Novice: 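Please read through the structure below; I'll follow up with questions.
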Amino acid sequence: ASDVYKRQIIAEQGYENITVQDIATRAGFSKGIIYYYFSSKEDVMVSLFDSIIRVIDRNFASTIQNHPEPKEQMERILRVSFDLVHEHKEFYHVMMVFWSQITQKTLMSDLNATLFRRYRREMAKIVERGVDKGVFRARVDVNLLASLIIAVIGGASLQYIFDPEAFDFKVMVDTSVAAVMSFLNA
């Protein structure tokens, strides 16, 4: 089934409320075709999670490739991360569905931990390159800072998803980017 259909239906109905038949119907396939490729609803979720990781990985890789300097990389990664939430809210709705499963399903907890480790590792690499080039503060715990940056993105994004009228999203993005970059600058 197309990742778009899986994201849409899971974002709309949540994990507990959907069936493999719902996914098949939305995608225009028979349930048998879905079961040919996936052994369970959980396998469909894992496939969707993998596709989200691939999107994030592509965004990181493209940003790093197209912007060789650490300052540009960090600013672009921040903006791309916020853009993902703003332009594709269903991604965040699906992520919330994954988060809701971490206490019931060890696999979902492990997948989420893997995603955050990857995201922290990529952020930390950018910070390390900036420190090595002398454009970011030298005395900074790169892993802690990477976690803080992700918390800024995640916290603002959750507020936006729950209450889109709480603040001007563009102003929040600009302010968040300026705050992170101000802290990082040597």
Side-chain angles (χ1 to χ4, degrees), residues 3-4 6-8 10-11 48-100 102 108-186:
D3 290 337
V4 172
K6 289 185 281 189
R7 275 198 316 263
Q8 287 173 343
I10 290 169
L48 179 56
F49 195 87
D50 287 343
S51 76
I52 290 171
I53 288 175
R54 284 192 306 274
V55 167
I56 291 169
D57 286 349
R58 276 194 310 269
N59 285 338
F60 264 96
S62 172
T63 299
I64 289 168
Q65 183 179 27
N66 294 330
H67 303 280
E69 294 304 314
K71 278 187 175 184
E72 290 177 305
Q73 289 174 344
M74 181 58 72
E75 184 170 338
R76 289 304 312 146
I77 287 293
L78 289 165
R79 291 189 183 282
V80 164
S81 297
F82 278 116
D83 286 349
L84 184 63
V85 173
H86 186 64
E87 301 298 323
H88 304 284
K89 288 181 187 170
E90 79 275 3
F91 270 107
Y92 237 80
H93 287 266
V94 170
M95 291 307 297
M96 287 189 282
V97 169
F98 286 119
W99 296 335
S100 74
I102 63 173
M108 294 300 170
S109 179
D110 292 345
L111 289 171
N112 276 286
T114 298
L115 175 63
F116 278 101
R117 268 194 300 276
R118 288 170 77 145
Y119 204 16
R120 281 192 306 269
R121 186 175 53 242
E122 293 304 317
M123 288 286 194
K125 285 179 190 176
I126 294 170
V127 174
E128 285 174 345
R129 282 193 297 273
V131 168
D132 290 346
K133 288 186 165 211
V135 296
F136 292 159
R137 294 175 190 260
R139 283 186 265 144
V140 64
D141 178 331
V142 295
N143 294 312
L144 182 61
L145 184 59
S147 293
L148 179 63
I149 293 167
I150 293 165
V152 167
I153 295 166
S157 298
L158 282 173
Q159 290 180 67
Y160 175 68
I161 293 296
F162 292 137
D163 186 6
E165 304 302 316
F167 50 80
D168 181 307
F169 193 75
K170 183 184 178 330
V171 172
M172 176 59 83
V173 171
D174 291 343
T175 303
S176 297
V177 170
V180 168
M181 297 309 293
S182 177
F183 179 82
L184 282 172
N185 288 332

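Residue indices begin at 1 and follow the sequence shown. None of these values were measured; they are calculated from a predicted model.
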Novice: Any pair with a residue in residues 109-119 that passes salt bridge (Lys or Arg N to Asp or Glu O under 4.0 Å), sequence neighbours left out, goes on the list, sorted by first then second residue, please.
Specialist: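 Non-adjacent pairs meeting salt bridge (Lys or Arg N to Asp or Glu O under 4.0 Å): Asp57-Arg118.
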Novice: CD1 of Ile149 to CG of Leu184: how many Å apart, nearest 0.5 Å?
Specialist: 5.0 Å
Novice: Kindly write out the residues that satisfy salt bridge (charged side-chain N to carboxylate O under 4.0 Å, His left out) with Glu69, not counting sequence neighbours, or none if the list is empty.
Specialist: Lys133
Novice: Looking only at heavy atoms, what is the nearest atom pair of Pro70 and Ile126, with distance?
Specialist: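 Taking every non-hydrogen atom into account, O-CG2, 3.6 Å.
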Novice: With sequence neighbours excluded, what pairs up with Thr175 under the side chain to side chain donor-acceptor pair (under 3.5 Å) test?
Specialist: none
Novice: Whether Glu75 and Arg79 form a salt bridge (side-chain N of Lys/Arg under 4.0 Å from carboxylate O of Asp/Glu) is what I want to check.
Specialist: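 Here Arg79 pairs with Glu75 in a salt bridge, since their nearest N and O are under 4.0 Å apart.
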Novice: Could you pull out the closest heavy-atom pair between Ile153 and Ser81, with the gap in Å?
Specialist: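 Heavy atoms only, the tightest pair is CD1-CB, 3.8 Å.
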Novice: State, with a plain yes or no, whether a side-chain heavy atom of Phe167 is found less than 4.5 Å away from one of Gln159.
Specialist: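 Yes. Closest side-chain heavy atoms under 4.5 Å.
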Novice: Which pair of heavy atoms, one from Tyr160 and one from Val85, lies closest together, and at what distance?
Specialist: CD2-CG1, 4.1 Å
Novice: List for me each residue that meets side chain to side chain donor-acceptor pair (under 3.5 Å) alongside Arg76, sequence neighbours excluded, and say none if there are none.
Specialist: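 By the side chain to side chain donor-acceptor pair (under 3.5 Å) rule, Arg76 matches no residue at all.
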Novice: Can you list every pair that meets side chain to side chain donor-acceptor pair (under 3.5 Å) and has a residue in residues 162-173, with sequence neighbours left out?
Specialist: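 As it turns out, the side chain to side chain donor-acceptor pair (under 3.5 Å) pairs with a partner in residues 162-173, which skip direct neighbours, are Lys170-Asp174.
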Novice: Looking at CG of Asn143 and CE of Met123, how far apart are the two atoms once the value is rounded to the nearest 0.5 Å?
Specialist: 13.0 Å
Novice: Take Lys71 and Asn185 through the side-chain contact (heavy atoms from CB on, under 4.5 Å) test and state the conclusion after the steps.
Specialist: CA-CA 8 Å; Lys71 278 187 175 184; Asn185 288 332; 3.0 Å; yes
Novice: Would you check if Leu145 and Arg137 make a side-chain contact, meaning some heavy-atom pair closer than 4.5 Å?
Specialist: no
Novice: With sequence neighbours left out, write down each residue that passes side chain to side chain contact (heavy atoms under 4.5 Å, CB included) with Arg58, or none if nothing qualifies.
Specialist: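 Arg58: side chain to side chain contact (heavy atoms under 4.5 Å, CB included) contacts with Arg54, Val55.
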Novice: So, using side chain to side chain contact (heavy atoms under 4.5 Å, CB included) as the criterion, who are the partners of Phe116 when residues are at least two apart?
Specialist: Trp99, Arg120, Ile150
Novice: What are the two closest non-hydrogen atoms of Ala124 and Ala146, and how far apart are they?
Specialist: N-CB, 3.9 Å
Novice: Kindly write out the residues that satisfy side chain to side chain contact (heavy atoms under 4.5 Å, CB included) with Leu144, not counting sequence neighbours, or none if the list is empty.
Specialist: Asp141
Novice: Ring pair (Phe, Tyr, Trp, His ring centres under 6.0 Å): which pairs involve residues 51-78, sequence neighbours left out?
Specialist: Phe60-Tyr119
Novice: Kindly determine whether Glu128 and Lys125 satisfy salt bridge (charged side-chain N to carboxylate O under 4.0 Å, His left out), including the steps that lead there.
Specialist: CA-CA 5 Å; Glu128 285 174 345; Lys125 285 179 190 176; over 6 Å; no
Novice: Please round to the nearest 0.5 Å and tell me the distance separating atom OG1 of Thr63 and atom CD of Glu122.
Specialist: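 Result: 11.0 Å between the selected atoms.
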Novice: Which residues pass the side chain to side chain contact (heavy atoms under 4.5 Å, CB included) test with Leu115, sequence neighbours left out?
Specialist: Phe49, Ile53, Ile56, Met95
Novice: First locate atom CD1 of Ile64, then atom CE of Met74, and finally report the distance between them rounded to the nearest 0.5 Å.
Specialist: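 It is 9.5 Å, given to the nearest 0.5 Å.
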